Amino acid sequence: MNIRKLLDSHVSQALQLAGVEAGTPALIKPSSRPEFGDYQANGIIGAAKKLNMNPRELASTVLNHLDLSAIAEKVEIAGPGFLNIYLDSRWLAQQAESALESESLGIHKTTTPQTVVIDYSSPNLAKEMHVGHLRSTIIGDAVARVLELLGDTVIRQNHVGDWGTQFGMLLTYMNELEGDTQSLSMQLADLEKFYQAAKQRFDSDADFARAARENVVKLQAGDPEFLKRWKQFIDISLQHCDEIYQRLNVLLTRDDVMPESAYNSALSQVVMDLDQAGLLIEDQGAKCVFLDQFKGKDNTIVPMIVQKSDGGYLYATTDLAALRYRYQQLGMTRGLYFIDARQSLHMQQVFAVGKQAGFVPENVQLEHMAFGTMMGEDGTPFKTRSGGTVKLVDLLDEAQQRAFVLVTEKNPQLDEATRHHIARVVGIGAVKYSDLSKNRTSDYRFNWDAMLSFEGNTAPYLQYAYTRIQSIFRKAGQFNPDIPLLFQEPAERQLALKLLQFSEAIESVAKDGAPNLLCNYLFELSGLFMHFYEVCPIIKAEEKIKHSRLKLSALTANTLQTGLGLLGIDVLETM
RNA sequence: GCGCUUGUAGCUCAACCGGAUAGAGCAUCGGCCUUCUAAGCCGAGGGUUGCAGGUUCGAUUCCUGCCAAGCGUGCCA
């Protein structure tokens with residue numbers, strides 16, 4: 001049940017009957033203030049203007065054609081020509097009842113399912129995952145889950161970087177440590193340090209650097225010795241990723257890994273096809289594509305270089321190959337790229353060139369879901385005191401540790417294993433939520449305390465609401481769902497209305513690729529529940545009231561669990 | 001130079017794509033645990049939405065200019 005859509009179809013119809021051109025939006029929204037009812041229609045004023053009519057008169061005509069008697073208690077004309085809609089409480093109660101029974105919480109599958117390819121996480125395997133990878137990984141994962149729930153076919157693509165020049169350096173350093181197997185495996189346990197050690201050798205030793213460059217060539221020429229070594233390294237690096245994904249409760253597996261190197265054999269064909277399409281221009285020895293839409297005021301075009309003057313290919317070439325693969329082999333109709341905002345120009349070029357060249361048809365929706373760079377607490381690019389980036393593992397360890405201290409303080413009677421379990425769910429949840437709840441395309445500041453906060457608008461707040469409900473059910477005895485839902489206090493009706501808006505939140509996430517909309521919704525829902533919890537006693541209420549309230553609690557719990565589940569965050573029985 | 005993004009309360013962020021009196025959290029201050037978990041609830045203070053114009057019934061939102069920040073911009077990814 002999507003109330004907004006339902007009202008939209010009714011009001012749109014009435015608008016047409018009132019003589020307004022078809023397709024004029026009714027602009028239904030939740031009312032901005034309680035005294036304006038539950039929903040408001042904002043579209044009439046604009047429509048009246050087009051027809052050169054008095055908006056209030058048009059509103060009155062629309063009202064005559066509008067039959068909401070089954071849904072709304074009253075509809076009023078207000079202000080310059082808004083319609084304020086007051087939903088019927090009995091209807092609301094019925095909808096809530098059926099949502100509770102429906103198992104899917106009343107969420108309908110989309111009528112136009114798509115094949116959505118989602119490119120997310122995509123770390124560079126030369127290094128260990130750091131805090132900068134958090135956004136792409138968890139936001140992409142949440143959106144993937146939401147689209148799946150709504151019935152799209154979702155294909156995850158972890159476009160890991162496994163083929164850069166850094167690998168020459170890393171493999172050469174592996175060679176050096178070859179004799180000492182123990183040292184090698186130990187060092188590979190911390191890829192970040194390994195990378196830094198290799199880098200230092202590269203910078204300080206000319207012979208090493210030369211060997212590294214030669215080894216890149218050997219690797220790319222398919223030298224079996226280096227290929228073997230490379231595979232070994234990649235495998236270890238992917239193991240690091242798998243561990244992180246598991247801890248983060250992110251659904252990516254090895255099956256979703258489609259590395260850069262997988263496209264190597266397609267690159268020359270990409271360039272040939274661009275040439276065939278008449279898009280290729282050789283300029284200063286490099287093969288480029290110049291598209292007019294990338295021309296600035298200074299009349300110069302930013303080209304996309306697809307082949308270097310030395311014959312080498314670039315990541316633009318790889319991305320074009322991937323784009324074509326996703327359309328031709330995977331059947332993509334919508335492509336979402338959860339990638340750093342700094343690559344904005346690059347993404348626009350890939351999309352534009354891909355369509356121009358006919359690698360994907362015009363009607364495939366390609367969207368760069370950009371996000372800002374993570375900055376340190378001082379506003380400069382994120383660094384630790386020692387100068388390296390913060391490893392994701394360390395952030396997660398810290399989160400769990402802080403959560404463990406807190407749960408031990410609050411609930412010392414719980415056994416240690418339980419407290420560790422709670423600490424894990426709460427700690428990881430807090431880290432994920434602090435990132436998921438923001439949809440800033442601008443850069444943002446990393447803050448330990450904010451990211452590891454367990455109060456206010458955080459995952460633990462939502463998890464806490466859930467455990468409160470579970471606690472009620474443990475104490476309430478038999479729950480009889482046959483007793484009908486009734487609203488005695490305003491808090492109950494408010495909560496029910498919010499519960500019925502779950503699908504509106506979900507659908508907006510699917511449309512915009514913005515999980516923060518779901519976070520907002522869940523936080524508001526929890527807030528309304530907390531209020532309900534304070535003012536509406538449940539267990540000691542008389543039987544009819546008690547079971548009605550248990551019903552609201554059950555639906556709240558289901559919604560929280562499902563909603564958090566879509567964010568990849570678990571719930572708890574106690575905390 | 002050109003291009004992209006951003007600028008909202010002391011701090012971190014919302015505001016459902018032009019709607020009615022710009023909302024939360026943190027921090028600060030004041031109340032609430034013999035009653036379902038106080039990781040909670042109730043209340044208070046805090047704003048010229050960077051600045052200046054424009055578009056219209058109506059602008060945080062759209063347009064223009066300026067200021068500030070970040071990023072990108074022909075052979076790294």
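Convention: sequence-line order gives letters A, B, ...; per-chain numbering from 1. Both backbone and side-chain heavy atoms feed into the values below; hydrogens, waters and symmetry mates do not. Note that the structure is a prediction, hence the values are computed from the model and not measured.
Rounded to whole angstrom, the span from the OH atom of A:Y433 across to the C1' atom of B:rA24 amounts to 10 Å. Distance A:E524 CD to B:rC16 C1': 10 Å, rounded to the nearest Å. Whole-Å rounding puts the A:M347 CE to B:rU5 C1' distance at 16 Å.
At a threshold of 4.0 angstrom between heavy atoms, the contacts of A:D512 include nucleobase atoms, whether or not backbone atoms are also involved. Nucleic acid contact for A:E573: base, since at least one base atom lies under 4.0 Å from a heavy atom of the residue. A:A450 comes within 4.0 angstrom of nothing in the nucleic acid, heavy atoms only. Using a 4.0 Å heavy-atom cutoff across all strands shown, A:L406 reaches at least one base atom of the nucleic acid. Looking at heavy-atom distances under 4.0 Å, A:Q40 makes contact with a base. Among the atoms of the strands shown, only primed sugar atoms or phosphate atoms (P, OP1, OP2) are found under 4.0 Å from some heavy atom of A:Y461. Residue A:E35 is classed as a base contact, given a heavy-atom separation below 4.0 Å to a base. Note on A:I305: a base of the nucleic acid sits closer than 4.0 angstrom, heavy atoms only. Residue-level contact check: A:V535 touches neither bases nor backbone, having no heavy atom under 4.0 Å from any strand. Among the heavy atoms of the strands, none lies under 4.0 Å from A:Y39. Heavy atoms of A:D283 sit under 4.0 angstrom from at least one base atom. Residue-level contact check: A:A78 touches the bases, meaning some heavy atom is under 4.0 Å from a base atom. Counting any heavy atom pair closer than 4.0 Å across all strands shown, A:F294 reaches no nucleic acid atom. Looking at heavy-atom distances under 4.0 Å, A:S32 makes contact with a base.
Atom CD1 of A:I107 is separated from atom OG1 of A:T559 by 8.0 Å, given to the nearest 0.5 angstrom.
Nucleotide B:rC36 is matched to nothing when pairs are restricted to Watson-Crick or G-U wobble geometry with both distances under 3.5 angstrom. Base pairing of B:rC29 is made with B:rG43, judged by Watson-Crick or G-U wobble geometry with both donor-acceptor distances under 3.5 Å. Here B:rU73 sits opposite B:rG1 as a Watson-Crick or G-U wobble pair (both hydrogen-bonding atom distances under 3.5 Å). In this structure, B:rG53 forms a base pair with B:rC63, meeting either the Watson-Crick or the G-U wobble geometry with both donor-acceptor distances under 3.5 Å.
Of the candidates B:rC36, B:rG72, B:rC4, the closest approach to any side-chain atom of A:S471 belongs to B:rC36. Of the listed nucleotides (B:rA39, B:rC36, B:rC16), B:rC36 has the atom at the smallest distance from the side chain of A:I539. For A:Q284, the listed nucleotide lying nearest its side chain is B:rG74; candidates were B:rG19, B:rC36, B:rG74. Among B:rA77, B:rG72, B:rU21, the nucleotide with an atom closest to any side-chain atom of A:R33 is B:rU21. Residue A:F523 places its side chain closer to B:rA24 than to any other of B:rA24, B:rC42, B:rG74. Considering only the side chain of A:M575, B:rA39 comes nearest among B:rA15, B:rA39, B:rC75. For A:D298, counting side-chain heavy atoms from C-beta on, the closest listed nucleotide (B:rC75, B:rA20, B:rG1) is B:rG1. Which of B:rC57, B:rC36, B:rC2 sits closest to the side chain of A:K297 comes down to B:rC2. In the set B:rG40, B:rA20, B:rG19, the nucleotide with an atom closest to the side chain of A:E534 is B:rG40.
Considering A:Y263, A:Y325, A:F338 in turn, A:Y263 is the only one that fulfils the ring-ring contact (aromatic ring centres under 6.0 Å, His included) rule with A:H159. The ring-ring contact (aromatic ring centres under 6.0 Å, His included) with A:H346 is formed by just one residue from the set A:F351, A:F294, A:Y315, A:Y337; it is A:Y315.
At a threshold of 4.5 Å between non-hydrogen side-chain atoms, the residues A:V302 and A:Q349 count as touching. Between A:V217 and A:R213 there is no side-chain heavy-atom pair separated by less than 4.5 Å.
By the rule that a glycosidic angle within 90° of 0 means syn, B:rC66 does not qualify and counts as anti. By the rule that a glycosidic angle within 90° of 0 means syn, B:rC33 counts as syn.
Under the 30°/60° scheme for interplanar angles, the aromatic rings of A:W163 and A:W230 are found to stand perpendicular.
A:Y461 and A:Y464 have their aromatic ring centers separated by at least 6.0 angstrom.
The side chain of A:R342 contributes no N or O atom lying less than 4.0 Å from OP1 or OP2 of B:rU73. At the phosphate of B:rC57, OP1 or OP2 sits under 4.0 Å from a side-chain N or O atom of A:K49. When the side-chain nitrogen and oxygen atoms of A:H346 are compared with OP1 and OP2 of B:rA77, none of them lie within a distance under 4.0 Å. Taking 4.0 angstrom as the limit, A:K29 places a side-chain polar atom (N or O) nearer than this to OP1 or OP2 of B:rC17. In this model, the phosphate group of B:rC75 is not approached by any side-chain N or O of A:K287 to a distance below 4.0 Å at OP1 or OP2. Within the 4.0 Å cut-off from OP1 or OP2 of B:rC16, not a single side-chain nitrogen or oxygen of A:K511 is found. Between A:Y464 and B:rA39 there is a side-chain polar atom (N or O) within less than 4.0 angstrom of OP1 or OP2.
With both ends at atom P, the span from B:rG65 to B:rA24 equals 37 Å, rounded to whole Å. With both ends at atom C1', the span from B:rA27 to B:rA9 equals 12 Å, rounded to whole Å. Remark: the separation of the P atoms in B:rU61 and B:rC51 is 11 Å, to the nearest Å. For the P atom pair drawn from B:rU49 and B:rA22, the interatomic distance equals 10 Å after rounding to whole Å. Across B:rC67 and B:rC26, the matching C1' atoms stand 30 Å from one another, rounded to whole Å.
Residues A:V350 and A:L323 share a closest heavy-atom pair of O-CD2, 3.8 Å.
Side-chain N/O atoms of A:D319 and base N/O atoms of B:rA77 include no donor-acceptor pair closer than 3.5 Å. Between the side chain of A:R468 and the base of B:rC36 there is no donor-acceptor pair of N/O atoms closer than 3.5 Å.
Taking for each of A:N411 and A:M530 the nucleotide of RNA chain B with the nearest heavy atom, the 5'-most of the two is the partner of A:N411. Between A:T467 and A:K308, the residue anchored closer to the 5' end of RNA chain B is A:T467, taking for each the nucleotide with the nearest heavy atom.
Side chains of A:D512 and A:S508: no donor on one and acceptor on the other come within 3.5 Å. Donor-acceptor pairing under 3.5 Å is lacking for the side chains of A:Q478 and A:N480.
Between A:F36 and B:rA20, a base-stacking contact is recorded: ring centres under 5.5 Å apart, planes less than 30° from parallel.
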